[in-house]
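Proteins get letters first, then strands, A, B, ... in listed order; numbering begins at 1 in each.
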Amino acid sequence: MKYYYCLALAMVSGTAELVAQSERPVQSISLELGYAHIARQDLVFAPFVYKGDAPLNFGLAYARNRATRQELRLHAGLLQANNTAIYNYVEDGEQRSTSLSFFTLVDLDYFIGRNIASSNRCRTALGLVFSADVQALNYVYGRFGSFGYYSFFGLGLGLKHEQAVGRRGVVTAALHVPLVGWQARSPYLVNDDEFIENTMSHSGVKTFLAFVGDGSFKTIKDFQTADVALKYEYVLSPRWDLGLAYRLEFIHAPEPRKLLSYRNGFSLVTKFNF
Amino acid sequence: MKRIIFSLGLVLLFSACKKMFIAEPELHPVAIFENFWQTMDEEYAPFEERNINWDSIYNHFRPMVTEETTDDELFHILSQMIAPFDDGHLSLTAPNRPVYFSNRFYRDRIDDELFSRDVVATYLAEGAVSGPDKSYLYGKIKGSNVAYMHFDHVGTNFLDFNDFLDQYKSASGLIVDLRHNHGGDFTFALSEMGRLTNVKRYVFRSRTKNGKSRYAFTEWANWYLEPRAPYVNKPIIVLTDRYTISAAERAVMAFKSLPNVRLMGDTTNGAQGTMIGRVLANGWYFSVVPQKVEMFDGRSYEGLGIAPDIVFKNDLEDMRSGKDEMLEAAVAILE
């Protein structure tokens, strides 16, 4: 059955020869650098969709491909976004300028799974995913700004499929869907006494932990998030791959006010196998 | 289950189509007016404290707005809607025009020149310390044994209050100047003022809107001054004016809870709740106060300001000639 499954995928992809995956080193480190775009509507901060781009968007991943497959991936992005154009205004007789809101988004994902189908041409792994998303949100409202946060630490399912394409290409598609987890977000109206109390230590780490501590347990019923990745890598040598990646992060959180966020990223990928 | 399938379906669309989001407020004068009024209605907290009938304001101004209303007209209408609040936290920002401040002191800069940091600096003996970006200024008053510290805002600059207290252990009295203090994060004031008390003191309580109803609030949260060693017990005079606002007023509440403190100067601005920002469909920004605050005496001073124990107002001519009479009077009391 596995054979026919992979054969069918191989026919779809129209490949000719196989990359000898089994002969390659089992560990790899890859670096992704590229562009990201965000469209985010968070009613805690505004009823508008904030759209913007990332001046900085990078990912770093370590993978180990044995019978048990593991991948640890860190992804960070600094995105600037707004729902309106920058403009000048006058305060205290001086000309001033509005500025963009900016979001610092950091994700750490750990996937551990086993192949459920494999051949020389392809393999599909299913496993568990631990996801940690931390987002620092700086919304700017002309004269001043407000700080907000979002964090999620969850467990879910991960599916990863790799398909050889041509003699030296590999396409990877991955889906991570957290099913349960601990989510913390800014309160209903940006800051309240609990929020302020959390900052009372004046220590970044303690404040962060206090914010996280104010979160609550969620399941996929009341909160949905997913990461989708599509990657093409070209095998330059047994050690080095070069490729392109597309990633989508989706978040839908209805409480305390609705948040819907899409982050699309396109990156260049350099992978070192060892 | 349907929601899960729907959400995953959204993911698979691989895009952020506008239709997936909640409909945004529309971009035309009537919709902007409605969005502005509704946001204030749902998120502004101290309507009662400021004696504002927001429904009446709607009824008065709504007929003035049509689809043909110009930007100038709309800006004027929205400004006039927040004018009766006289709230130091409320403002309206739009392109290429001055920010409109609801508070008449901020709007017309009334008595703005009755305080000058530069004038104060001339009263300090050699060795005075100035914080980065003029965030604080402290030193010994020339020819006296009175120590003085001015805070420009409430934030990390309050962390230097500790050094100030250490440096002037032998001072006969302290002047803490909160005139023209534009607020910030009151937790810095509460944490750093701990050295001024040897017992835990209740300072104020506050609660925040947490729903669309005008009566939807979080539970009251009590805030205290917690004692911190080494205890400093000296006569203190806190100087205030109409530009002592927001977190600075909460700091004033904390000072007022101490038995050895007297407030001197003018009444504070009267805007003690937190402030958040909001944006309209045309890109204009405005601010909202989602919080109610009550001082330890159980009263709200929102819209009133905290009155000084010793009323004192500088003279403009004196200030222009480099004389801060209020400061001189405070020194005379402490000597």
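Between Lys209(B) and Tyr188(A) the shortest heavy-atom distance is O-CD2, 3.9 Å. Taking each heavy atom of Tyr87(A) and Ala94(B) in turn, the nearest pair found is CE1-C, 3.5 Å. Closest of all the heavy-atom pairs between Trp223(B) and Asp193(A) is NE1-OD1, 2.8 Å. Considering all non-hydrogen atoms of both residues, Leu280(B) and Asn83(A) come closest at O-ND2, 4.2 Å. A pairwise comparison of heavy atoms in Phe144(A) and Ser287(B) identifies CZ-CB, 3.6 Å as the closest pair.
Ranked by non-hydrogen atom pairs under 4.5 Å with chain B, the options Glu91(A), Glu249(A), Glu197(A), Arg143(A) are led by Arg143(A). Per-residue heavy-atom pair counts under 4.5 Å with chain B were compared for Glu194(A), Arg257(A), Arg263(A), and the maximum is reached by Arg257(A).
When heavy atoms are compared at a cutoff of 4.5 Å, Thr98(A) approaches chain B solely by way of its side chain, counted from C-beta outward. Contact annotation for Arg278(B): both backbone and side-chain heavy atoms come within less than 4.5 Å of a heavy atom of chain A.
Taking the six-membered ring wherever Trp is involved, the centroid distance between the rings of Tyr139(A) and Tyr285(B) does not fall below 6.0 Å.
Proximity of Asn210(B) to Asp192(A): side-chain heavy atoms (C-beta onward) are nowhere separated by under 4.5 Å.
Salt bridge absent: Glu24(B) and Lys51(A) never bring a charged side-chain N and a carboxylate O closer than 4.0 Å.
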